[in-house]
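Chain identifiers are assigned alphabetically (A, B, ...) following the order of the sequence lines, protein sequences preceding nucleic acid strands; residue numbering begins at 1 within each chain.
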Amino acid sequence: MIRLYNTMTREKEEFIPVEPNKVKMYVCGLTVQNYSHVGHIRSAVNYDVIRKYLEYKGYQVEYISNFTDINEKIVARAEEENMTPTELAQKYEAAFLDDIAAMNIRPADQYLRVSENIEDIIEMVKVLIDKEYAYVAEGNVYFSVESFADYGKLSGRNIEDMQAGARVDILEDKKHPMDFALWKKVNNEEFSWDSPWGKGWPGWHIECSAMAMKRLGTTFDIHGGGTDLIFPHHENEIAQSEAYSGEVFAKYWLHNGTVNLSGEKMSKSQGNFFTTREVLKKFPAEVIRFFLLTRHYRSPIDFSIPQLKEATVSLERLIKTADQMESLLADNPEDKQNNLATTDVFIAMLKEKRKSFEEAMDDDFNTAKAIGILHELAGEINKFINQQSFKLNENKYFLLTEANKLYRKLANVLGLKLELKDGTKNYSSVFADLMELVLELRQEAREEKEWEKADLIRDRLDEVGIEVKDTPRGTEWNLKKRDE
RNA sequence: GGCGGCAUAGCCAAGUGGUAAGGCAGAGGACUGCAAAUCCUUUAUUCGACGGUUCAAAUCCGUCUGCCGCCUCCA
């Protein structure tokens with residue numbers, strides 16, 4: 001049973017989808033006005049894992065997201081970059097898709113663009129006007145918050161308290177200061193759309209409502225986004241969607257915490273952010289992904305270079321275990337003698353770890369705990385492989401195969417491939433042959449007990465960035481990462 | 001001012017009533033010619049402070065302190 005924290009009720013609830021075995025989820029995407037930053041990527045990684053875990057549990061998941069490609073910012077940025085708003089949006093949409101591909105995030109089943117759904121949005125606004133939830137004022141259409149009794153139910157606010165904040169724009173044509181635009185009048189001949197109320201474009205929130213309902217129905221299972229979208233964005237989505245359909249919009253509201261820099265929220269308007277591509281130049285995608293998943297998704301994460309370095313070391317431990325298993329499994333067992341006594345214990349351990357992992361993920365997608373269990377599993381496997389008496393026989397080969405399958409499967413749910421791109425296998429066969437020769441010469445020196453010579457070779461190789469290790473299984477080497 | 005969240009070892013971080021996961025760093029040991037890796041052992045009688053409820057609280061309630069988010073565009 002999966003339990004998830006629903007922002008609407010402020011508690012963990014049992015997850016029961018509208019249709020058995022199917023999950024329909026909508027995750028707010030981004031305004032394609034610039035390169036994505038780590039905050040966007042955290043959100044994308046988070047919902048990617050949620051989707052993958054739901055699939056692991058046997059659900060058929062339909063995952064929809066959006067690109068906001070029409071608004072004031074797009075127009076302003078397009079002027080800065082000297083291109084049309086459409087070109088700008090396409091440029092950054094493509095960049096985002098590159099970013100998520102680099103991060104091993106599976107794209108949504110469909111990305112909906114505002115520019116391709118204007119007709120549906122206009123239809124929805126018309127209905128809201130007919131139902132008297134919205135009104136027209138000088139070419140703008142506003143949603144009347146006072147007309148919707150449940151307004152504020154997601155964010156736990158009421159209209160009176162918010163007015164006290166006095167940070168809302170008082171626009172003369174609004175009936176109430178909290179009313180928000182469904183359609184905005186725009187004076188831009190090239191970049192605007194015809195509507196019954198004149199030229200303009202949709203307000204910020206209506207796009208998600210119209211597109212989500214169009215694709216997923218008036219009630220769907222999961223709606224996700226960052227905590228910073230709870231108000232006003234998601235509150236307004238609920239108001240206009242439920243006013244329109246008379247039905248519950250989304251059953252479960254999930255919100256991921258923000259990514260902070262030195263304790264402050266990373267955000268474009270503050271200027272304190274790292275773009276995804278910047279960070280990808282400094283750290284492998286796998287490390288960034290791992291780092292983001294070591295905290296529970298609802299907590300804020302403080303993003304820092306030292307912590308990414310720590311995450312690198314921690315992840316490398318998991319990778320070493322995977323590599324060791326792979327190299328052992330590449331050999332054929334020489335010893336045919338089996339010792340079945342160890343089998344039961346080991347298989348029981350694997351089952352127990354799998355169960356713990358699932359329990360962690362069932363409990364509101366606790367990836368931090370799940371990673372802890374992956375570490376425990378790695379420890380058990382290491383212990384097994386590194387026994388003094390370890391000899392690969394058919395029995396152990398079987399156990400390692402099982403361990404490897406489980407290890408990969410669980411890592412896969414988290415989207416971890418357990419490999420670090422830069423380095424190890426990125427060299428030519430000539431180079432590999434050369435290394436073989438060098439290590440052969442060093443081995444000869446070792447056999448002659450010429451330790452100084454052997455150590456000199458190792459030290460000099462280390463200086464050029466090649467790490468040499470004498471393991472019980474022979475001498476191994478790998479290219480060291482050159483991070484700075 | 002309103003609403004919400006957080007505070008757990010040197011650092012990061014799980015844990016929402018039953019006696020503190022995991023990682024990083026540190027210490028000791030095994031293995032090794034040495035080194036690395038790996039393994040074993042070890043590192044919070046205690047969970048921001050003070051009260052309360054309970055047989056039992058990091059976990060529930062109250063007060064206080066500190067930090068953060070939202071109320072304006074934001075994943």
- Position toward the 5' end of RNA chain B (nearest nucleotide), E467(A) or T321(A):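 Counting from the 5' end, the first nearest nucleotide belongs to E467(A).
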- Message: Both R10(A) and I230(A) contact RNA chain B. Taking the nearest nucleotide for each, which residue is further toward the 5' end?
- Response: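 The residue mapped nearer the 5' terminus is R10(A).
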Under 6.0 Å between ring centres: does that hold for [X] and [Y]?
X: H223(A); Y: F249(A); value: yes
X: F148(A); Y: Y151(A); value: no
X: H205(A); Y: H234(A); value: no
X: Y35(A); Y: Y92(A); value: yes

- Which heavy atom in D302(A) sits nearest to a heavy atom in F291(A), and how many Å separate them? O-CZ, 3.5 Å
With the criterion being N/O to N/O and under 3.5 Å, what pairs connect the protein with nucleotides 33-35 of chain B, and how long is each?
from   : atom 1 : to      : atom 2 : distance (Å)
G33(B) : O6     : R446(A) : NE     : 3.2
G33(B) : N1     : D455(A) : OD1    : 2.9
G33(B) : N2     : D455(A) : OD1    : 3.4
G33(B) : N2     : D455(A) : OD2    : 2.5
C34(B) : O2     : R458(A) : NH2    : 2.5
C34(B) : N3     : R458(A) : NH1    : 2.8
C34(B) : N3     : R458(A) : NH2    : 3.2
C34(B) : N4     : D470(A) : OD2    : 3.0
A35(B) : N6     : D470(A) : O      : 2.7
A35(B) : N1     : D470(A) : N      : 2.9
A35(B) : N3     : R458(A) : NH1    : 3.0

- For G224(A), answer base if it contacts any base atom (sugar-phosphate contacts may also be present), sugar-phosphate if it contacts only those atoms, and nothing otherwise; contact means non-hydrogen atoms under 4.0 Å.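 Nothing, no heavy atom under 4.0 Å.
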- Query: With a non-hydrogen cut-off below 4.0 angstrom, is G39(A) in contact with a base, only sugar-phosphate, or nothing?
  - Reply: base
Among [options], which is the nearest nucleotide to the side chain of [X]?
X: T258(A); options: C71(B), A75(B), A13(B); result: A75(B)
X: K320(A); options: G15(B), A37(B), G69(B); result: A37(B)
X: L30(A); options: A75(B), C71(B), C68(B); result: A75(B)
X: K265(A); options: C71(B), A37(B), G69(B); result: G69(B)

- Query: Cation over ring, R113(A) on F67(A), under 6.0 Å and within 45°?
  - Reply: no
Between atom [atom1] in [X] and atom [atom2] in [N], what is the gap in whole Å?
X: D228(A); N: G5(B); atom1: CG; atom2: P; answer: 17 Å
X: I301(A); N: A7(B); atom1: CD1; atom2: C1'; answer: 17 Å
X: N366(A); N: A14(B); atom1: CG; atom2: C1'; answer: 6 Å
X: F303(A); N: A75(B); atom1: CZ; atom2: C1'; answer: 15 Å
X: L292(A); N: A75(B); atom1: CG; atom2: C1'; answer: 12 Å
X: Y151(A); N: C3(B); atom1: OH; atom2: C1'; answer: 13 Å
X: D363(A); N: G15(B); atom1: CG; atom2: C1'; answer: 10 Å
X: Y297(A); N: G5(B); atom1: OH; atom2: P; answer: 14 Å

- Partners passing side chain to side chain contact (heavy atoms under 4.5 Å, CB included) against K153(A) (at least two apart in sequence or in another chain):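 Side chain to side chain contact (heavy atoms under 4.5 Å, CB included) check on K153(A) returns M8(A), D150(A), E235(A), I238(A), E242(A).
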- R460(A) atom CZ, neighbour heavy-atom count above 12 within 6.0 Å: no
- More than 12 heavy atoms from other groups under 6.0 Å of CD on E447(A):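 It does: E447(A) CD has more than 12 such atoms within range.
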- Message: Please verify the inter-ring angle class for F15(A) with Y252(A); under 30° counts as parallel, over 60° as perpendicular, anything in between as tilted.
- Response: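 Geometry flag for Y252(A) against F15(A): tilted rings.
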- Message: What does the B/S/- profile of nucleotides 18-23 of chain B look like, 5' to 3', with a 4.0 Å heavy-atom cutoff to protein?
- Response: ---BSB
- Taking OP1 and OP2 of C39(B), is either one under 4.0 Å from a side-chain nitrogen or oxygen of N382(A)?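 So the side-chain polar atoms of N382(A) do come within 4.0 Å of the phosphate oxygens OP1 or OP2 of C39(B), strictly under.
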- Task: Answer yes or no: does a side-chain N or O of R295(A) lie under 4.0 Å from OP1 or OP2 of A13(B)?
- Result: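 Looking at the OP1 and OP2 atoms of A13(B), one of them is under 4.0 Å from a side-chain N or O of R295(A).
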- Query: Taking N and O atoms by type only, does the side chain of K383(A) place a donor or acceptor under 3.5 Å from a partner on the base of C39(B)?
  - Reply: no
